[in-house]
Structures are given as C-alpha cells and as structure tokens.
> 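Handing you this structure, nothing more for now.
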Amino acid sequence: MSQQIRISAKNLGEVALPDFCPRCFWVKLQLNNRLPFQIFPGIFSSIDSYTKRVVHRWFDKYGSPPPWLRDLGNLTGYMEPPHFSKYNILDHETNILLTGSPDAIFIRPDNSHLIVDYKTAKYTGAQDKLFPMYEAQLNAYALIGKQCGLEPISDLALVYMEPVTDEAAASSDEVHNADGFGMGFTANVHKVSLNLNIIPPLLAKTRAIYDLESPPARREGCNNCQLLEGLLEVARH
Ligand code: SF4
C-alpha cells in the first residue's frame, strides 16, 4: 500500500498551472508544504474572512445577498462552510486525502448549492494567470462536497474583491474616520464551469510525482534552483 498523501484543494490546483514545476511540487510534497523562507502576508486571508462575514451579516439582516453580489444570480440563503477537518475525501485510487473548505456556500431557490471562493486581487478576467489553479480548486471543493453530502451542486464562482485605490477614492473625505481611513473594494464575479473530470488526472499526477525517488528536472526558464545552488556553494566556503 502506498503512503497516504494529504493535499489541499488549492495546492492540488497548482498542478493545473501552465508553468507548473514538477520539481518544486515534489519538494513541497516531501516536506508537507513546509518550505523555508515562505512569508505569506496574513492580510489577504483576513480580508477574505472579513468579506465572508460582511456577506453573511447582510444575509442575516435582509434575507438576501448584498446588491454587489447580484451577478451571482438568485440566492435564498447561505450555509457556514464546514471546517476542513470535516470536509475532505480519500481518493482510493491514489490514496490521496483531499482537503480544504470553500470560503462560501450559497443556496439557490431550487435548493442547489453555489460554491464561491473570494480572492483579494485585481480582476483581470480570463487573463488571470492563476485561473487554472482556481478552477481546479473550486472543482476539488465540489468533488469533496458531493461526497460529503452537499448535494446538488449547481454552480461555482470566484469573487474578486478589488481594492479601490484610485485618486478619486484617496481624495474623498468619506474615507476618513476618527481612527484612520477605510478602503473600499469592488466585487467582480467570475463564473467557473463545474467539471469534476479535471480532478482525477491532477490526483494521478500528484501521486506519480510524489512516488519519484529523486526530484524531477527543474522547470525550463526558472533560475531559482541555480541561485540556491550558488547560495549553498557560498555557504560551504
Ligand atoms: S526550477 Fe524553479 S520552480 Fe522548479 S524547483 Fe527550481 S526553483 Fe522551484
């Protein structure tokens, strides 16, 4: 029996990126994604969870989504996304435990579910280089949901919350308050196709890379491995 791999929906999504590097992925899998020199600013996850609370509190007060989410279509309610410890599935084919919980789950008038992920980022539409990763991430959430009783799932969507930082906003008196200033965000909804078939090949590729006994070749055009080797060389002297 192969060693079980645990991977989040987001990390699995990396495999779908056009500039995916199997060598980097192999290293991350072997180290359980605990790489040195990784500093991810916590502000983005704070904004994502604040967005979630803002939306839910509006729903609680008015029984409908805030007007700026109108592009999500008709919604009658929401449910708190389950904690990732309860939202995971074991893929028996590859012995991979797929985990991760979406930012938001909304309910349609026909009782089907819409899974949403918030992204604090500038909206570039189909130009977003990371879109294949987000598409896989949302479909992985849907696959998990399907097997964890979240049925039926009708739609997936990304909601990009784009900071409003233009001159007009900066010069407006409205942004100031007694303790500091506020910054607005503009919502852009980007629908994502529900296609669970994209997940099994990503799981199979993850298993194949994990099982390699030595790291695969590095990605063409990325010099960071070389820089690291140079750094290690310097450290040896
Ligand atoms: S080639 Fe670049 S992306 Fe690949 S392992 Fe090296 S540093 Fe990471």
Side-chain angles (χ1 to χ4, degrees), residues 2-48 84 88 90-91 93-103 117-144 156 158 160 162 190 192-193 195-237:
S2 60
Q3 168 124 20
Q4 188 173 102
I5 305 171
R6 183 190 175 101
I7 192 165
S8 70
K10 184 161 186 201
N11 290 343
L12 181 75
E14 282 178 33
V15 182
L17 287 171
D19 61 354
F20 168 70
C21 175
R23 185 181 177 92
C24 235
F25 194 65
W26 182 88
V27 171
K28 283 195 242 176
L29 286 172
Q30 304 299 326
L31 296 176
N32 273 331
N33 222 35
R34 284 194 215 103
L35 294 180
F37 312 121
Q38 301 289 299
I39 302 167
F40 184 76
I43 187 74
F44 294 107
S45 52
S46 300
I47 297 172
D48 290 350
F84 65 81
N88 57 65
L90 179 64
D91 178 61
E93 193 82 17
T94 55
N95 197 16
I96 294 178
L97 186 69
L98 184 60
T99 68
S101 181
D103 286 334
D117 218 55
Y118 298 119
K119 302 292 178 198
T120 305
K122 196 170 165 57
Y123 180 57
T124 54
Q127 309 301 314
D128 189 341
K129 277 197 324 207
L130 298 178
F131 180 73
M133 178 168 84
Y134 298 153
E135 181 187 36
Q137 182 185 3
L138 276 168
N139 274 287
Y141 290 148
L143 186 69
I144 300 170
L156 309 174
L158 294 165
Y160 289 81
E162 185 172 340
H190 192 99
V192 173
S193 303
N195 180 7
L196 303 184
N197 292 334
I198 65 174
I199 302 302
L202 300 178
L203 290 170
K205 198 162 171 183
T206 299
R207 166 54 68 190
I209 293 172
Y210 180 86
D211 286 348
L212 292 172
E213 277 172 18
S214 55
R218 66 169 178 256
R219 174 165 59 86
E220 203 67 21
C222 176
N223 295 326
N224 287 342
C225 275
Q226 252 168 312
L227 292 174
L228 181 62
E229 275 156 33
L231 192 70
L232 292 172
E233 195 56 37
V234 171
R236 270 184 222 114
H237 293 294

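Indexing begins at 1, ligand by ligand and atom by atom, following the structure's order. Start at 1 with the first residue, then count along the sequence.
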> With a distance cut-off below 6.0 Å to the six-membered ring centre and an angular limit of 45° from the axis, does Lys119 pair with Tyr134 as a cation-pi contact?
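Yes.
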> Students should be able to answer this: which protein heavy-atom is nearest to atom 7 (S) of ligand 1, and at what distance?
Asn224 CB, 3.4 Å
> Note the single closest protein heavy atom to atom 8 (Fe) of ligand 1, along with its residue, its atom name and the distance in Å.
Cys24 SG, 2.4 Å
> Report the part of Cys21 in contact with ligand 1, treating N, CA, C, O as backbone and CB onward as side chain, heavy atoms under 4.0 Å; options are side chain, backbone, both, neither.
side chain
> Starting from atom 6 (Fe) of ligand 1, what is the nearest protein heavy atom, named by residue and atom, and what distance separates them?
Cys225 SG, 2.2 Å
> Which one of Leu203, Ile96, Leu98, Leu97 satisfies the side-chain contact (heavy atoms from CB on, under 4.5 Å) criterion with Ile5?
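Exactly one option meets the side-chain contact (heavy atoms from CB on, under 4.5 Å) with Ile5, and it is Ile96.
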> Just to confirm my output: which protein heavy-atom neighbour is closest to atom 1 (S) of ligand 1, and how far is it?
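Of the protein heavy atoms, Arg218 CB, 3.3 Å lies nearest.
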> Are there more than 12 heavy atoms of other residues, nucleotides or ligands under 6.0 Å from atom CD of Glu93?
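Counting neighbours around CD of Glu93, 12 or fewer heavy atoms of other residues, nucleotides or ligands fall under 6.0 Å, so no.
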> What protein heavy atom sits nearest atom 2 (Fe) of ligand 1, and how far away is it?
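For this ligand atom, the closest protein heavy atom is Cys222 SG, 2.3 Å.
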> Count the heavy atoms of every other residue, nucleotide or ligand shown that sit under 6.0 Å from CD of Glu233, and state whether that count exceeds 12.
yes
> Decide yes or no for Leu29 and Ile7: does some side-chain heavy atom of the first lie under 4.5 Å from some side-chain heavy atom of the second?
yes
